[in-house]
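The structure appears right after this line, and notes come after that.
Throughout, a chain's letter reflects where its sequence line sits, starting with A, and its residues are numbered from 1. Keep in mind the model is a prediction, meaning the values are calculated, not measured.
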Amino acid sequence: MAFAHNSLSQEALLDAYRRMATIRQFEERLHEEIKTGEIPGFTHLYCGQEAAAVGVCSHLDDEDMIVSTHRGHGHCIAKGCDVIAMMKEIYGKRDGLCKGRGGSMHIADTKIGMLGANGIVGAGAPQAVGAAIAAKMDGRRKVAIAFSGDGACNQGTTFEAMNMAVVLKVPAIFVFENNHYSEHTGYSYAVGTSGDIASRAEAFGMKAWRANGSDFFDTYAAFGDLLAHVRGGHGPAAIELDTERFYGHFEGDPQRYRGPGELDRIRAERDCLIAFRQSSGIAADALDSIDAEVAALIDEAVTAARAAPVSEPAHVLEDVYADY
Amino acid sequence: MAFAHNSLSQEALLDAYRRMATIRQFEERLHEEIKTGEIPGFTHLYCGQEAAAVGVCSHLDDEDMIVSTHRGHGHCIAKGCDVIAMMKEIYGKRDGLCKGRGGSMHIADTKIGMLGANGIVGAGAPQAVGAAIAAKMDGRRKVAIAFSGDGACNQGTTFEAMNMAVVLKVPAIFVFENNHYSEHTGYSYAVGTSGDIASRAEAFGMKAWRANGSDFFDTYAAFGDLLAHVRGGHGPAAIELDTERFYGHFEGDPQRYRGPGELDRIRAERDCLIAFRQSSGIAADALDSIDAEVAALIDEAVTAARAAPVSEPAHVLEDVYADY
Amino acid sequence: MAIMNIRDAINRTLHDEMERDPNIILLGEDVAGGAGTAGGQESIGGIWGTSGGLIGKFGADRVIDTPISESAIIGAAAGAALAGKRPVAELMFADFIGVCADQIINQIAKFRYMFGGETACPVVVRLIYGAGMNAAAQHSQAFYNLLTSVPGLKVVLPTTPADAKGLLTEALHGQDPVMFFEHKALYTKKGEVPDGPYRIPFGHARMVREGGDVTIVALGRMVSFAEKAADALAAQGIGCDIIDPRTTSPLDEEAILDSVEQTGRLVVVDESPPRCSLARDIIGLVAEQGFTSLKAPPRMVTAPHTPIPFARELERAWLPSPAHIETAVRGVLDWG
Amino acid sequence: MAIMNIRDAINRTLHDEMERDPNIILLGEDVAGGAGTAGGQESIGGIWGTSGGLIGKFGADRVIDTPISESAIIGAAAGAALAGKRPVAELMFADFIGVCADQIINQIAKFRYMFGGETACPVVVRLIYGAGMNAAAQHSQAFYNLLTSVPGLKVVLPTTPADAKGLLTEALHGQDPVMFFEHKALYTKKGEVPDGPYRIPFGHARMVREGGDVTIVALGRMVSFAEKAADALAAQGIGCDIIDPRTTSPLDEEAILDSVEQTGRLVVVDESPPRCSLARDIIGLVAEQGFTSLKAPPRMVTAPHTPIPFARELERAWLPSPAHIETAVRGVLDWG
Ligand SMILES: Cc1ncc(C[n+]2csc(CCOP(=O)(O)OP(=O)(O)O)c2C)c(N)n1
Ligand SMILES: Cc1ncc(C[n+]2csc(CCOP(=O)(O)OP(=O)(O)O)c2C)c(N)n1
Ligand SMILES: [Mg+2]
Ligand SMILES: [Mg+2]
């Protein structure tokens, strides 16, 4: 923890906290709002994993690129997507970030290097390799990051991507967020491995890191190390972040697969916001006032999203092609 | 080598030699016959790898199952497919093993556990896992084997299959024949790994063996070990066989990727038939007479294949469904 | 006869058939659920609830939870079938066909033919498909056209609980691979289901109603939309034949051609984009083989040539509707 | 104008375009060849020879040999395109679409739409397709119907060297993903190719010949088969319009409908099995929109509903032939 206090400016620390708090409140609020029935489709909340997205993305700038998953809200917010436009998107509104055509699982903002959430498990990893090919060509030490879950690490595409990244020596980074579940299935069952997920990446010959993905400082430090390695032109790397999801796989999941008291325990012991408060050395009232600002923003986002106009039927035909 | 002499009966040794010699002559003859233009399609010869197929399949009986590749003639012969029916198939004849509808890349004989050559690189590995699921259900210590190349080991399906085999603890065996090339690409380029191919299998938590796939005794011994492990109910296992292909990727390949003298060297130093003669302890004339018998068989096969009747156009419509 | 919904009809059929034939195995992601968790294998029976209770009865050797590896799931089903089993593999969303298409279109579909006719590969793939739940572009597609185009596959689209039972039972008795499409928005649809063994032969359409003025061929969920449209039209004195093909491969061409021979007018309703769709396929068929019957140009009612949008208003606009069908029927009747 | 074959036309176009636009990269298995070998990267230019000489000129950063990982190849192309490059990915055989379909149908095709319209994903996938070389069931298929059915993709089928140049150049200037199908049996087909920059807009059919008695729409290699049939028919006094759509998505519907308006008779030739084929798609289109023009039932000439067999006699019987086309034309002319 010492590292973080020393290397991060107060401003950077506050910014990181703000991002994590934004993700948390965004998701907690969605959890409530979904009950109203106003929000269409399937929603996968990122609550509990905030330190992972923010610990990684705090190191990045707009030229760096990330590819996300079905559980993408956290990555989007951490990378800098507009929160109000995101909320409108999730509500399916016309001026949502993707014009209401993508929804929760398909938020993207390529201008700032957010290349897309993705509804297909494992689809993102090869795309990150491609973005890394581009990054390498451009020669500005950019990197491309694939976020994947402990479930996605079993999809063939993820393995192919790791191999190809090693073969092509491109600045691709594989971030495995191990939240111990893929849907209703436990990590220990589905991931056949001699070690952890990171060890699988190592088997491809890339360097891998491990960190506590429920702790911002630990993630931030490990990822910083990793990033120096990759920006230094040493090819791809991987990191496994041990974390927790506080809600079900999707909203509506009865979570019968959880052990007794499990949800309470992870909320109590593995909450990255609590951990941040305890170890950041920042005064509680500074963080409280960020919380309040974030709450106001989320309020504004929900209010705006609910009030925003819906699409016209004719809009369905737009933007299939640039020209046809 | 001591192992082999002690553990294999003279009869078994002669049988193994016969199978290897049959593969060799079958392929060498095809190499010649293809020049006549009578043989349709793409043909991938197994010459040079005989010890791999035979070292593995000599351990099996008809209840054990194998799934093969585009370079499948050797696996078929080693598993016991009828050589004359195979030759007819490769010539595209009506009474070929697959009625002339499959050809070189699609030879199968499920009755004897040869579940099919396959034109899609990597397609076989998951199928072997399925066959292993069946084997486990049947409870007779049967195993299912996927042959894969050093190229196929990069296909997502192969990784998925290894993982699933570990997860389901089924008697699937992954045999990687590393002949150092996938088409025109070198193994060292395409396989990103910290170790060898076997080490990738180990990363999934299964036990792996290595052997000289150009030496029957070494392959036989290592695979025997492996098989005892798998038949003992310890789940899947893998073996990497280091071997050589004596011809191009397919017939017609100019092989410009080879180093100077490479083909001569591998023929001289890594010929499993020569190695067998040198170390089997069997009298040369016994092997010579097998060679002669095999030559007669291959002659008969080619003569029969050339003389065999072709299909009628109406046959094209047969056997798409059991009923429709 | 019992009344139940399609979800339960499928679940019961799986229970009955697995009881009957010990070679039937189930595999897919969370088909039991809870593997490797503190809660244990809970048998909620998949995200869709169609495999509930099976693991308790048949055990983890026959009800197999898998990692997220669709190619390996379908490939394993293929291999198990070659080895004498009858695997039922679940694709949680038909959209995931993209990550395992090879095992279906190049492997399972072709084994019998390529291998000379003696090799059976009786895999049943259950594909949960269809729009209507705002699941957006990657979780709502109806890829039956794609699989109908592949020789060697049979393609089934049950639309009632009875058909779900009869067709799934049939699939589990046959020797051919069957792509069994289950519409997610139809799971709760109720109806009578015959007790005891019940098989419906493939290639026999269901005549949903006879009306004589126009032939509507409707696929999957569109059958109920067609019925709604036909109700409205009936009130205006227009009688619709509604044909539910039930299987698109084989297709009951005769039932369609016979109806068009009577009505001379054809509307095909398909919840897919138009190009190379089943709708076009059926219209093409009738143009070729029922040309003289046709008194007006046939029409399709399909989704537009766009991906499936997320927002409610957009998905609603994307989907064919009873109103669209009504308009199309009026169009073919008023023509000329 | 220079005379060259399609292989060379594609190769030259890649040279010219990569010269013009430094963002164009090539990736696939053995697109250079020889990586990691003693012989070195030899630039035989792929199994098909279409990328010859490129690595020497543009280097291994832009001409990228990959492992056998088609999902990663196409996925990497997708990602590189999102990151501002113009990847040209090669699928050595179109049949391999089965192992990478998701990246095409659920990713590349849908990004622009799903992501709100501002995201371009200008990937060109080169798919080498087609029967005629006894490559059997898994190396001979023409999957253009499958990709034509997917909104968001453009699908191109060049049949002459000039079209290969013009259409590939166009693909490399546009903002949309393009599925560029190259028939392996057409690579050696020769013809004149315009010098200098040359683009052919998509959605404009090529009128191969005008004859007035019957409209033949032929796809890919079938264009030359149709020409042979038309030659034979011309000797018998029958004049054929032959239309080569060149792109199946977008499809030049007008050219087809206009011709049928004149001839009243339609034959569509497609080297695919019939179900949900382009042939059925086009016949359906004409039945819907050119109904009054039709004087006889349209006919398709397609392969049968079977996988592609290996043996010479069988593959020949499987493929549509000029004789089949002739018979179909006579059929539609003699009808009634
Ligand atoms: C190819 C594919 N298979 C299955 C699914 C269904 N699915 C969505 S998320 C998910 C679990 C993913 O688990 P993990 O990668 O650990 O991510 P997490 O949900 O824990 O964030 C599954 C099976 C899918 N969307 N895509
Ligand atoms: C999915 C797929 N991709 C590519 C090919 C083309 N191809 C056929 S064999 C081959 C090389 C395979 O190499 P390896 O696995 O080492 O087997 P080997 O040829 O050495 O026996 C390739 C790329 C294919 N048939 N299938
Ligand atoms: Mg997870
Ligand atoms: Mg090899």
Heavy-atom check, side chain of Asn106(C) versus side chain of Gln141(D), under 4.5 Å: yes

Among Val99(C), Asp95(C), Val268(C), Asp102(C), which has the most heavy-atom pairs under 4.5 Å with chain D? Asp102(C)

Pro273(D) versus chain C, the contacting section by heavy-atom distance below 4.5 Å: side chain

When the 4.5 angstrom heavy-atom criterion is applied to Ala296(D) and chain C, the contacting part is backbone

Using heavy-atom distances under 4.5 Å, tell me whether Leu285(D) contacts chain C through its side chain, its backbone, both, or neither. both

Please report, to 0.1 Å, the donor-acceptor pairs under 3.5 Å made by any side chain of residues 325-336 of chain D, with sequence neighbours excluded.
residue: Glu326(D); atom: OE2; partner: Gln236(D); partner atom: NE2; Å: 3.2
residue: Thr327(D); atom: OG1; partner: Ala323(D); partner atom: O; Å: 2.8
residue: Arg330(D); atom: NE; partner: Gln236(D); partner atom: OE1; Å: 3.1
residue: Arg330(D); atom: NH2; partner: Gln236(D); partner atom: OE1; Å: 2.2

Can you tell which of Ile282(D), Leu266(D), Leu251(D) has the highest number of heavy-atom pairs within less than 4.5 Å of chain C? Leu251(D)

Taking 4.5 Å as the heavy-atom cut-off, does anything in residues 312-320 of chain D contact chain C, and if so which residues? none

If you count heavy-atom pairs under 4.5 Å with chain C, which of Gln107(D), Arg280(D), Gln103(D), Gln138(D) comes out on top? Arg280(D)

Using the side-chain contact (heavy atoms from CB on, under 4.5 Å) rule, take Glu288(C) and Met300(D) through it: C-alpha gap first, then chi angles, then the decisive distance, then the call. CA-CA 8 Å; Glu288(C) 292 152 30; Met300(D) 356 176 245; 3.2 Å; yes

Supply the atom-to-atom distance Ser277(D) OG to Asp281(C) CG, rounded to the nearest 0.5 angstrom. 7.0 Å

Structural part of Leu294(D) lying under 4.5 Å from a heavy atom of chain C: both

With rounding to the nearest 0.5 angstrom, report the CZ to CZ distance, Arg299(D) to Phe291(C). 12.0 Å

Would one find more than 12 heavy atoms of other residues, nucleotides or ligands at under 6.0 Å from atom CD of Gln289(D)? yes

Could you look at Ser249(D) and say if it's the side chain, the backbone, both or neither that has a heavy atom under 4.5 Å from chain C? both

Indicate yes or no: at least one non-hydrogen side-chain atom of Leu278(C) is less than 4.5 angstrom from one of Arg275(D). yes

Are the side chains of Ser149(D) and Asn145(C) in contact, using a 4.5 Å heavy-atom criterion? yes

Partner residues of Val150(C) under the side chain to side chain contact (heavy atoms under 4.5 Å, CB included) criterion, sequence neighbours left out: Ile105(C), Ala109(C), Leu153(C)

Among Gly284(D), Gly98(D), Cys276(D), which has the most heavy-atom pairs under 4.5 Å with chain C? Cys276(D)

Identify the residues of residues 303-310 of chain D whose heavy atoms come closer than 4.5 Å to a heavy atom of chain C, ordered by number, or report 'none'. His305(D), Thr306(D), Pro307(D), Ile308(D), Pro309(D)

If you count heavy-atom pairs under 4.5 Å with chain C, which of Gly290(D), Ala279(D), Ala137(D), Ser272(D) comes out on top? Ala137(D)

